[in-house]
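Throughout, numbering of the chain's residues begins at 1 and tracks the sequence.
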Amino acid sequence: MNSPLDKEVQTLMEAAHDRAAKALGLTCTGPPAWGFLGVTLGRRAGDRWLRVSRTAKRNAGRKRGEGVVGASQVVPEGVPRPRLYAVHDWTDGDWAFEAEVLDHLTQPVVSPDRADLDHDPGLPDEWWADLRHALALLAETEGVKTTVRDGWIERAFPQFLGVPAPAKVDRVTGHGDLHWGNLTAAPLCLLDWERWGLVPFGYDVGLLHANSLLVPDVSARIRKEFAAILDTPPGRIGELTALAEMLQAVARGWYPDLAPRLVARAEALTGVRPPVPVHSEVRA
């Protein structure tokens with residue numbers, strides 16, 4: 001979604017992508033698709049998509065039941081996502097690299113250049129029904145990884161929302177990164193499964209809602225479609241968790257346009273104005 005910030009990162013990731021393509025016997029064409037801060041790089045290879053990601057060498061190694069490999073093994077087929085065909089992992093210097101060969105999707109991503117939404121994509125009723133069905137199926141899956149840990153919630157609620165952390169956080173299995181850059185238009189497909197696992201109930205929907213606040217018709221549609229989740233005490237905790245995470249990003253200089261809407265939504269849910277400075281010098 002965002003191109004790398006400097007030439008060094010770009011060179012590193014392009015070399016890693018070329019290495020993975022050679023190891024997997026793929027010929028890549030078309031423009032590169034960069035992930036957040038150049039951490040991932042993807043390109044088309046015929047009817048496949050080669051995606052390479054990097055992390056610190058100390059974090060090398062895929063954990064059982066987690067990430068895209070775990071999702072391919074556990075998540076039901078009824079949850080639409082790109083099929084995984086092969087992986088190739090290696091370390092080089094200070095970095096660990098993971099490559100995955102997935103389906104190349106022909107339908108467009110709803111918001112390919114940003115996580116939040118700046119226009120109404122006009123998604124049909126069937127799309128919303130498919131999203132509800134996918135999240136319901138996913139919630140019944142046995143997740144392994146705890147996404148958004150309790151310790152972070154204990155610190156983040158008072159720091160970014162100005163309210164005490166909840167005494168209890170109900171969890172279900174969820175996508176963990178449900179924003180508009182990870183969803184395709186019809187037919188629906190959920191992308192990027194690195195964070196899937198046990199999330200606070202309502203967190204996925206709350207995160208998507210937070211990323212929709214610049215487009216009132218879409219945020220209202222989410223509140224309508226997922227009222228059975230958001231209009232419950234556990235669901236509000238999940239939404240507040242998502243808002244706290246977004247407001248942490250605001251405190252780091254991201255989402256300047258969205259920030260006032262995030263503050264207003266959090267205040268509407270808690271009655272307390274979040275103590276987070278709104279920055280404007282860094283674009284989302």
Of all the heavy-atom pairs spanning [X] and [Y], show the shortest one and how long it is.
| X | Y | result |
| --- | --- | --- |
| P158 | A165 | CD-N, 4.3 Å |
| A99 | L24 | CB-CD1, 4.5 Å |
| W90 | A16 | CH2-O, 3.4 Å |
| A186 | Q107 | O-CB, 3.8 Å |
| L188 | L183 | CD1-CD2, 3.9 Å |
| A244 | A156 | CB-CB, 4.3 Å |

Is the side chain of [X] donor-acceptor paired with the backbone N or O of [Y] at a distance under 3.5 Å, no angle test?
| X | Y | result |
| --- | --- | --- |
| T146 | R149 | no |
| H88 | V101 | no |
| T141 | L137 | yes |
| T11 | E8 | no |
| R81 | W193 | no |
| D120 | D217 | no |

Give the cluster check for [X] versus [Y]: same hydrophobic cluster or not, with ILVMFWY residues linked at side-chain heavy-atom distances below 4.5 Å.
| X | Y | value |
| --- | --- | --- |
| L105 | W49 | no |
| V110 | V205 | yes |
| L117 | L190 | yes |
| L262 | V163 | yes |
| W128 | L230 | yes |

Less than 4.0 Å between a side-chain N and a carboxylate O, is that true for [Y] and [X]?
| X | Y | value |
| --- | --- | --- |
| R171 | D150 | yes |
| R43 | D18 | no |
| R195 | E245 | yes |

Evaluate the side-chain proximity of [Y] to [X]: yes if any heavy-atom separation is below 4.5 Å, no if none is.
| X | Y | answer |
| --- | --- | --- |
| W180 | D116 | no |
| R54 | D92 | no |
| V199 | L207 | no |
| V250 | F160 | no |
| D192 | R51 | yes |
| R273 | V263 | yes |
| L191 | T184 | yes |
| D257 | D118 | no |

Report summary line: R83 meets the side-chain contact (heavy atoms from CB on, under 4.5 Å) criterion, sequence neighbours left out, with E77, Y85, D103

To the nearest 0.5 Å, tell me how far [X] [atom1] sits from [Y] [atom2].
| X | Y | atom1 | atom2 | result |
| --- | --- | --- | --- | --- |
| R265 | T270 | CZ | OG1 | 10.5 Å |
| H175 | E194 | NE2 | CD | 8.0 Å |
| L178 | N211 | CG | CG | 9.0 Å |
| L208 | E239 | CG | CD | 11.0 Å |
| H179 | S212 | NE2 | OG | 11.5 Å |
| K57 | T91 | NZ | OG1 | 4.5 Å |

Query raised in the report: Side chains of D130 and H133: is there a donor and an acceptor less than 3.5 Å apart?
Result: no

Query raised in the report: Do we see a donor-acceptor contact under 3.5 Å between the side chains of T173 and W196?
Result: no

Query raised in the report: Step by step, would you call V69 with L84 a side-chain contact (heavy atoms from CB on, under 4.5 Å)?
Result: CA-CA 7 Å; V69 174; L84 177 67; 3.9 Å; yes

**Report entry** Steps toward side-chain contact (heavy atoms from CB on, under 4.5 Å) verdict (L131, L123)
**Finding:** CA-CA 11 Å; L131 180 61; L123 298 165; over 6 Å; no

Report summary line: Sequence neighbours excluded, the answer for side chain to side chain donor-acceptor pair (under 3.5 Å) partners of T55 is N59

Query raised in the report: Should we count CZ of R62 as having more than 12 external heavy atoms under 6.0 Å?
Result: yes

**Report entry** Residue pair E98, T40: steps toward the side-chain contact (heavy atoms from CB on, under 4.5 Å) verdict
**Finding:** CA-CA 9 Å; E98 294 181 348; T40 67; over 6 Å; no

Report summary line: Exactly one of T241, I237, I229 clears side chain to side chain contact (heavy atoms under 4.5 Å, CB included) with F201, and that residue is I229

**Report entry** Within residues 131-144 or reaching into it, pairs that qualify as salt bridge (charged side-chain N to carboxylate O under 4.0 Å, His left out) - sequence neighbours excluded
**Finding:** R132-E225

